[in-house]
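Letters go in sequence order (proteins before strands), and every chain restarts at 1. Values below: all heavy atoms of this structure, side chains included; hydrogens, waters and symmetry mates excluded.
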Amino acid sequence: MSRYDPATLEPKWQQAWDEAGTFLATRTADKPKYYVLEMFPYPSGRIHIGHVRNYTMGDVIARYKKSTGHNVLHPMGFDAFGMPAENAAMENGGHPADWTYQNIDTMVAQMKPLGFGLDWSRMFATCDPEYYGQQQALFLDFLEKGLVYRRNAVVNWDPVDMTVLANEQVIDGRGWRSGAEVERRELTQWFFKISDYSEELLDALDRLDDWPAKVKLMQANWIGKSRGLQFAFGLVEPTRGHDRIEVYTTRPDTLLGASFIGISPDHPIAKELEAHDPKVAAFCAEARRGGTTEEAIEKAEKLGYDTGLTCRHPFDTSWELPVYIANFILMDYGTGAIFGCPAHDQRDLDFARKYGLDIVSTFVPLKGDHVKPEDGGEAYVPPKSEKVHWKLAFDWNDEATGEEAIDAAIRFCEGKGVGHGVTKFRLRDWGLSRQRYWGCPIPVVHCEECGVVPEKKENLPVELPKDVSFDVPGNPLDRHPTWRDVPCPRCGKPAKRETDTMDTFVDSSWYFARFTAPRADTPTDVAEAEYWMNVDQYIGGIEHAILHLLYSRFFARAMHLTGHLPEKCKEPFDALFTQGMVTHAIYVTRDENDRPVYHFPEDVEIHESGARLGATGEEVEVIPSAKMSKSKKNVVDPVNIIQTYGADTARWFVLSDSPPERDVEWTASGAEAANRHLARVHRIATEIAASEAGPHEADEPLLREMHRTIFDVTAGIESFGFNAAIAKLYAFTNTLAKSQAGAEAKRAAMRTLAQLMSPMTPHLSEEIWHLLGGEGLIADAPWPVADEAMLVSDTVTLPIQVNGKRRSEITVAKDASKEEVEKTALADDAVVKALDGGVPKKVIVVPGRIVNVVV
RNA sequence: GCGGGCGUGAUGGAACUGGUAGACAUAUCGGACUUAAAAUCCGUGGGCCGAAAGGCCGUGUGGGUUCAAAUCCCACCGCCCGCACCA
């Protein structure tokens, strides 16, 4: 009897799929399509166990959909531009392209042994000139439609990476990649006009039924819609050309509680005053400082400078409000000026108390004890939907919700000619210029005569020059005269190429569309896109909930507008699934200075009494379930796992135990158990293949269980319940191993088991299929269908509860009437005993479920 | 601060639209086979009482709705995530 030997079995079946072209995506009229896509990897040089989990999930869906009669598109590529390639070139010499393509080769070589059903013929990397040339064509089309523009902007400058960052790439005031504190700089930059789509990108979220609510919520918060009132306070005495201060507020209902006006240190009026008054200048300089760090935001004291200016309240010209310059007011939100309402905003209250300003409540709670802020209480900020009592009202009821009051206040103000209702969004245009070499060149030329001139499409791709060096900081394109100096495409006079390249998020914003026609000489092929789009199932990490997914949604709309995608692709991802990470325990000891020393899992022995270092016997602290990190040494290398156990074991294990959206902890014992189980399945299959025809008495229970398993596993795969599907497969394996059924039934059961396992463990399944005389490849076999008749038996076993506690169970005919069930239940010995002579008040019979006797 | 999610054995987790809580797996312990070990097979596997049959308790805590609650509602505790001087 042959042993389970993945090392020979897996390459054999991979070759068979290759030779048959099993996973090439073909467009045919007779079948529906299914497009499953996992977020493509960055070519770091090694695949990670997280990749294995991610791609295995996609592969389960892809193989399952193939066997249910779909033409499946399941492609793979590489998100290949970006900083690490340049860093490697800076550190070790060489060229980013060489580093990148070598890494891609390595990673492909590591991925192929995992047996993913991918259409490798469609593979591309975003750094291929064929890809980024088409991206340049898209850029030019966007430019023509006004979807890209250039302007001066204060930008987030990363001093370590020496490049500009988008707002989305600044996390807690630091660059998302370098972690360096971000500086402000003014540069001329290219922007995508994503803000034009704020409303639409927000509204369309409601229709993404198969997206996680969490992701939709995060996007909605990011887009940040707010409705408010924009109006102006007139200055009592105009100053240096300003006679009014424009203000935006989302709480116009509190306008009668206003007690001061605050302006940003960057407000035009503040800048005017600053230019003529050193004291103001000193304050503004202080206020601008240190604003970006997390700590500063948390702790920064509210600072104000009384300008001596006063404004008139729009409702009462005799009511004058002082104007302060305040450090907590941002110039780039709203108008850079606010009115302070201390009674209903804690920040304004702190400020008012510090500078001795009025505090006036405009509303109080309907009931309960309330210490008003003017009497020393906290600022009262109820939810907008809560009804409150209005002490100071314009023209609305005494009792109303904040929402009602806001609407009424806007109507009232508009009626009086004081400002107008305005909708604002937090979402800013997407700055895409990067001062880097290893990215897609922006295909324009700067001409002294003609200005910014788009490169001619026939000259695309504008290819990156190969002869560059990275021995000095900055962008090598800036100092590459033969590449940079070109004739103007319009007038032919000497001109200079744009040396900025595109943010790498541009590359990943349309790759999914390119996969539908990866070799087309236009960005997309409309017929192919029409057939294959949308992505039916997109799978990736939650870390891309905002940036990548929002940009892609914008790009899909822009590509529709420029004729590259059909209307139906405006939302390109029909369903999204965000998978959890693979985690691993951290093993740590302490050195003489009590600093942590980390150890690789293979150096640690786990004993009953605890974990010890294999070499020294020193006791090791175990921190369970942490994100894998090289510095913590809690990593497992998929290459080692495949060598030790085979790809099927790795695939099986990463799907078992934990639900796919949650993290799964990699444990050596779990991986061994998975391997043992697959060996067991192989052994049982071998035994069944060799067995002679036997008796048939026990066939029916086995076959019933088989159909139940088909039903449950199918439901599990359809609903991303892979862990539950695997549990059913374990259970069915146990049933099959113990079954006394005849050889024919067992063979059928084993073939079905192999099929149900095939999305997860395709190699072993092919082997068993072959062993049991299955026709062709299991990958091509149609998915088994559960026989409804076999799912229901003639009798059902019902639990009997007395007063909600389970006391017994009875077996009755499936179609027994309620009366019969009730009679049988009440006659049951255990029930009679539990009733203890009591008379049933009521008997609830839920057909097929339960009987509850109420005494 | 605002918004969202989660809490089930020693552990990962299962439980359809409220209907037998703990499927499946890991750890543990016991047994068979073996000179021995591995592998394999059988059993144990929430707590308490009991020889057993069985009983009582049990899904973070407290309350509520219901014939019936891990599931629905309210309050609290704890953990996680997103956003944030956003007017």
Side-chain angles (χ1 to χ4, degrees), chain A residues 3 172 212-222 224 226 228-229 247-252 254 262 264 291 294 296-303 326-330 332-341 345-348 350-351 379 381 383 424-426 542 545-546 606 608 624-625 653 656-659 662-665 667-674 676-677 679-680 683 712 715 719 721 723-734 737-738 797-809 830 833 840-846 848-855:
Chain A
R3 267 186 47 239
D172 296 335
K214 184 188 169 78
V215 172
K216 289 192 279 186
L217 188 73
M218 281 165 70
Q219 292 218 351
N221 288 341
W222 190 264
S226 67
L229 178 75
V247 167
Y248 172 73
T249 177
T250 56
R251 291 308 294 260
T254 65
S264 163
E294 208 177 352
I297 290 167
E298 204 65 41
K299 293 184 190 153
E301 203 184 341
K302 307 288 174 270
L303 296 176
N327 65 340
F328 61 87
I329 300 165
L330 307 173
D332 59 359
Y333 190 81
T335 61
I338 62 158
F339 73 83
C341 179
D345 182 303
Q346 189 60 42
R347 190 188 54 200
D348 293 349
D350 296 344
F351 191 84
V381 191
K424 281 199 190 295
F425 294 92
R426 211 184 72 108
I542 187 78
I546 299 173
I606 312 285
E608 224 182 293
S625 203
F653 179 71
S656 61
D657 281 358
S658 279
R662 254 188 260 180
D663 292 350
V664 64
E665 179 161 12
T667 60
S669 58
E672 272 162 33
R676 268 204 309 275
H677 176 73
R680 180 171 181 234
R683 194 172 55 245
D712 289 343
S719 64
N723 56 325
I726 284 181
K728 301 286 182 198
L729 290 167
Y730 268 109
F732 186 56
T733 306
N734 292 339
K738 286 177 194 165
T797 301
L798 299 178
I800 315 296
Q801 294 182 333
V802 177
N803 287 338
K805 285 190 198 302
R806 183 180 179 279
R807 293 298 174 188
S808 181
E809 59 181 39
K833 194 178 147 216
K841 209 159 58 182
K842 197 173 169 189
V843 180
I844 291 145
V845 179
V846 184
R849 285 252 181 248
I850 203 164
V851 179
N852 194 5
V853 182
V854 186
V855 185

Which whole-number value in Å describes the distance from [X] [atom1] to [N] [atom2]?
X: A/Arg662; N: B/C79; atom1: CZ; atom2: P; answer: 18 Å
X: A/Trp222; N: B/G4; atom1: CH2; atom2: P; answer: 19 Å
X: A/Asn221; N: B/C83; atom1: CG; atom2: P; answer: 9 Å
X: A/Ile542; N: B/G4; atom1: CD1; atom2: C1'; answer: 11 Å
X: A/Met218; N: B/G82; atom1: CE; atom2: P; answer: 7 Å
X: A/Leu330; N: B/C85; atom1: CG; atom2: C1'; answer: 6 Å
X: A/Glu672; N: B/G12; atom1: CD; atom2: P; answer: 20 Å
X: A/Asn803; N: B/C67; atom1: CG; atom2: P; answer: 12 Å

For [N], the Watson-Crick or wobble partner whose two distances fall under 3.5 Å:
N: B/A84; answer: none
N: B/C72; answer: B/G64
N: B/G7; answer: B/C77
N: B/G30; answer: B/C42

| message | To the closest 0.5 Å, what do you measure between CG (A/Leu729) and CG (A/Asp712)? | response |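 With rounding to 0.5 Å, CG (A/Leu729) is 9.5 Å from CG (A/Asp712).
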| From A/Leu303 atom CG to A/Asn327 atom CG, the distance as rounded to the nearest 0.5 Å |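 It comes to 4.5 Å.
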So which nucleotide from [options] ends up closest to the side chain of [X]?
X: A/Arg426; options: B/C86, B/G13, B/C67; answer: B/C86
X: A/Ala727; options: B/A25, B/A23, B/A87; answer: B/A23
X: A/Asn734; options: B/G3, B/U20, B/A25; answer: B/A25
X: A/Ser658; options: B/G13, B/G3, B/C24; answer: B/G13
X: A/Lys842; options: B/C85, B/G13, B/C67; answer: B/C67
X: A/Leu217; options: B/G4, B/C83, B/C85; answer: B/G4
X: A/Lys214; options: B/C81, B/A25, B/C85; answer: B/C81

| said: Just confirming the chi classification of B/G9, syn or anti, using 90° around 0 as the syn window. | reply: syn
Give me the distance, rounded to whole Å, that separates [N] from [M] when you measure between the [atom1] atoms they each carry.
N: B/G12; M: B/G60; atom1: P; answer: 14 Å
N: B/C24; M: B/G13; atom1: C1'; answer: 9 Å
N: B/U44; M: B/A52; atom1: P; answer: 14 Å
N: B/U8; M: B/U65; atom1: C1'; answer: 22 Å
N: B/G7; M: B/G19; atom1: P; answer: 16 Å
N: B/U59; M: B/G1; atom1: P; answer: 31 Å
N: B/A25; M: B/C57; atom1: C1'; answer: 27 Å
N: B/A23; M: B/G9; atom1: C1'; answer: 14 Å

| query | Which residue lies toward the 5' end of RNA chain B, A/Tyr248 or A/Gly804, if each is placed at its nearest nucleotide? | reply | A/Gly804
| field | Position toward the 5' end of RNA chain B (nearest nucleotide), A/Ser669 or A/Asn723 | value | A/Asn723
| task | For A/Leu729, answer base if it contacts any base atom (sugar-phosphate contacts may also be present), sugar-phosphate if it contacts only those atoms, and nothing otherwise; contact means non-hydrogen atoms under 4.0 Å. | result |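 A/Leu729: no heavy atom of the nucleic acid under 4.0 Å.
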| When we call it a touch if two heavy atoms are under 4.0 Å apart, what does A/Ser656 touch: a base, just sugar-phosphate, or nothing? | nothing
On a heavy-atom basis, which atom in [X] and which in [Y] lie closest, and how many Å separate them?
X: A/Arg426; Y: A/Asn221; value: NE-O, 3.7 Å
X: A/Ile800; Y: A/Val853; value: CG2-CG2, 4.3 Å
X: A/Ala379; Y: A/Gln346; value: N-OE1, 3.1 Å
X: A/Ser656; Y: A/Val664; value: O-CG2, 4.1 Å
X: A/Phe339; Y: A/Arg251; value: CZ-O, 3.9 Å
X: A/Ala326; Y: A/Phe351; value: CB-CE1, 4.0 Å

| query | Is A/Ser658 close to A/Asn723 at the side-chain level, that is, under 4.5 Å between some pair of heavy atoms? | reply |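 They are not in contact (no side-chain heavy atoms under 4.5 Å apart), so the answer is no.
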| request: Give the B/S/- string for nucleotides 38-57 of chain B, one per nucleotide from 5' to 3', where a protein heavy atom under 4.0 Å of the base yields B, of only the sugar-phosphate yields S, and otherwise -. | output: --SSS------------SSS
Nucleotide N/O of nucleotides 16-19 of chain B paired with protein N/O under 3.5 Å:
| unit_1 | atom_1 | unit_2 | atom_2 | d |
| --- | --- | --- | --- | --- |
| B/C16 | O2 | A/Arg849 | NH2 | 3.3 |
| B/C16 | N3 | A/Arg849 | NH1 | 2.9 |
| B/C16 | N3 | A/Arg849 | NH2 | 2.6 |
| B/C16 | N4 | A/Arg849 | NH1 | 3.0 |

| field | Atom NZ of A/Lys216 with >12 non-hydrogen neighbours under 6.0 angstrom | value |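 Atom NZ in A/Lys216 is packed in, count exceeds 12.
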| said: Under the side-chain contact (heavy atoms from CB on, under 4.5 Å) test against A/Arg849, which residue among A/Val851, A/Val845, A/Val846 passes? | reply: A/Val846
| Is a side-chain donor-acceptor pair under 3.5 Å present for A/Ser226 with A/Tyr248? | yes
